[in-house]
Asks: 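Pasting a structure here, questions to come.
Computed from heavy atoms alone, side chains included, the values below leave out hydrogens, waters and symmetry copies. Just follow the structure's listing: the first ligand is 1, and inside any ligand the first atom is 1.
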Amino acid sequence: MGFDAVDVICRKRDRGELSTAQIDWVIDAYTRGDVADEQMSALAMAILLNGMDRREIADWTQAMIRTGERMDWSGLDRPTADKHSTGGVGDKITLPLAPLVAACGAYVPQLSGRGLGHTGGTLDKLESIPGWRASLSNEEMLGVLRAAGAVVCAAGAGLAPADKKLYALRDVTGTVESIPLIASSIMSKKIAEGTGSLVLDVKVGSGAFMKNVADARELARTMVALGTDAGVRTVALLTAMDRPLGRKIGNALEVEESVEVLAGGGPSDVVELTVRLAREMLAAAGVSGKDPEEALKDGSAMDAWRRMITAQGGDPDALLPRAAESMTLTAPASGVLSRLDAYAVGVAAWRLGAGRARKEDPVSFGAGVTLHAKPGDLIREGQALLTLHTDETARFTRALEALENGYAVTPAGDPNLLPLVIDRIEA
Ligand code: URA
């Protein structure tokens with residue numbers, strides 16, 4: 001049945017509920033080009049302002065899934081589990097997590113994205129490994145899964161094409177920050193990906209989409225309900241993104257830190273979150289094999305990483321790219337590092353070249369920020385706090401501007417941090 005796009009827009013503008021048939025029609029017609037970009041952007045703005053209820057969000061998600069293919073891993077001999085993070089600064093957790101969960105007995109088929117703005121993208125990070133290939137056919141994906149137990153690659157054009165088109169439109173029309181639109185966008189791709197279970201890492205704080213716990217909780221509840229209704233065992237953790245995760249921010253730098261974790265070392269926050277998410281994924285998948293801490297210690301997670309990288313053309317032993325130039329910032333006085341803001345560090349890394357401003361821009365693999373101290377650490381005057389890395393010295397000025405109010409050393413003081421894991425949400 002056909003509808004008039006203006007009627008659908010006006011209904012949501014006037015705070016009405018969209019019917020299942022209206023939602024199915026508008027998503028399909030937009031994907032085919034029969035609803036124009038300006039009409040869809042008006043509807044997206046009406047949704048951002050007036051919201052959608054649970055039934056509308058579920059219908060919207062299912063309609064986006066139906067515009068493309070749905071992957072099926074039911075032929076595999078072990079359960080599948082995936083994780084999705086809403087994105088943050090220094091969030092490289094997928095890199096150690098996917099091989100770790102594989103080493104503990106579940107398959108991890110992860111379709112991932114590139115970074116835009118101040119948060120990095122998993123594919124950009126992995127592409128800093130010489131030879132590694134993000135684009136795989138479905139057959140190649142299955143081959144990597146069988147060889148390594150985990151695969152991380154780019155979503156093909158056939159997966160939720162409505163979301164690809166709509167996300168690009170939202171990006172340029174001020175309609176990204178809508179919980180129904182974010183939840184349906186993320187979950188349409190994850191449900192279409194075909195994973196049996198899913199753990200959502202919903203970040204909270206200055207470096208995240210969701211700046212406060214209440215909004216993050218609502219987003220998490222919405223996504224858990226969508227996954228559960230679609231037959232995917234879904235749980236969510238709310239985790240801290242008021243400060244950066246780990247000590248290295250930037251593409252190759254984050255690969256380096258991930259390998260430290262897989263070798264049994266690495267910063268405690270990255271290790272703790274990786275192990276916690278791995279346990280959640282294994283529990284959701286119903287797999288009770290090796291404990292993740294053990295798999296980090298005995299080298300089996302590292303073995304799975306090496307197989308995963310090699311199966312996608314990468315050389316796990318190759319030297320990673322390094323930026324040509326660096327600048328270290330030191331403490332002006334002794335005291336406590338009472339502030340190290342995730343957003344400020346994310347923007348600095350982005351301006352140093354680690355991120356992109358437009359989809360088509362290249363990223364610099366070596367660019368980024370290394371942290372020599374974390375919030376709450378005692379600091380001596382003259383001690384190194386952060387090192388900035390870039391290929392072009394001209395980029396230092398704008399990065400320094402981003403950091404101007406982003407960190408502080410004070411004589412005393414509590415950094416007042418969010419707990420690393422704030423809450424757990426299940427259906
Ligand atoms: N990530 C997505 O995939 N979609 C959104 O809408 C926001 C973040």
Asks: Kindly compute the distance separating CG (L159) from CD1 (I191), expressed to the nearest 0.5 Å.
Replies: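 Taking CG in L159 and CD1 in I191, the distance rounds to 11.0 Å.
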Asks: Answer yes or no: is there a donor N or O on one side and an acceptor on the other, between the side chain of S128 and the main chain of K125, under 3.5 Å?
Replies: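 Such a contact is found between S128 side chain and K125 backbone.
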Asks: Let me know which protein residues bring a heavy atom to under 4.0 Å of ligand 1; chain then number is fine for ordering.
Replies: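 Shell around ligand 1 (4.0 Å, heavy atoms): Y167, R170, I182, S185, I186, K189, F209.
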Asks: Answer yes or no on whether K203 is positioned over the face of F209, meaning its NZ or CZ is under 6.0 Å from the six-membered ring centre and within 45° of the axis.
Replies: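 Ring-cation test returns no.
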Asks: State, without any angle test, whether S300 and K290 hold a side-chain donor-acceptor pair at a distance under 3.5 Å.
Replies: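 Yes - a donor-acceptor pair under 3.5 Å links their side chains.
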Asks: Assess the side chains of T370 and K248: does a donor N or O sit below 3.5 Å from an acceptor N or O?
Replies: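 Result is no, nothing qualifies.
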Asks: Please determine whether a side-chain nitrogen of the Lys or Arg among R170 and E177 lies less than 4.0 Å from a carboxylate oxygen of the Asp or Glu.
Replies: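 Here R170 does not pair with E177 in a salt bridge, since their nearest N and O are not under 4.0 Å apart.
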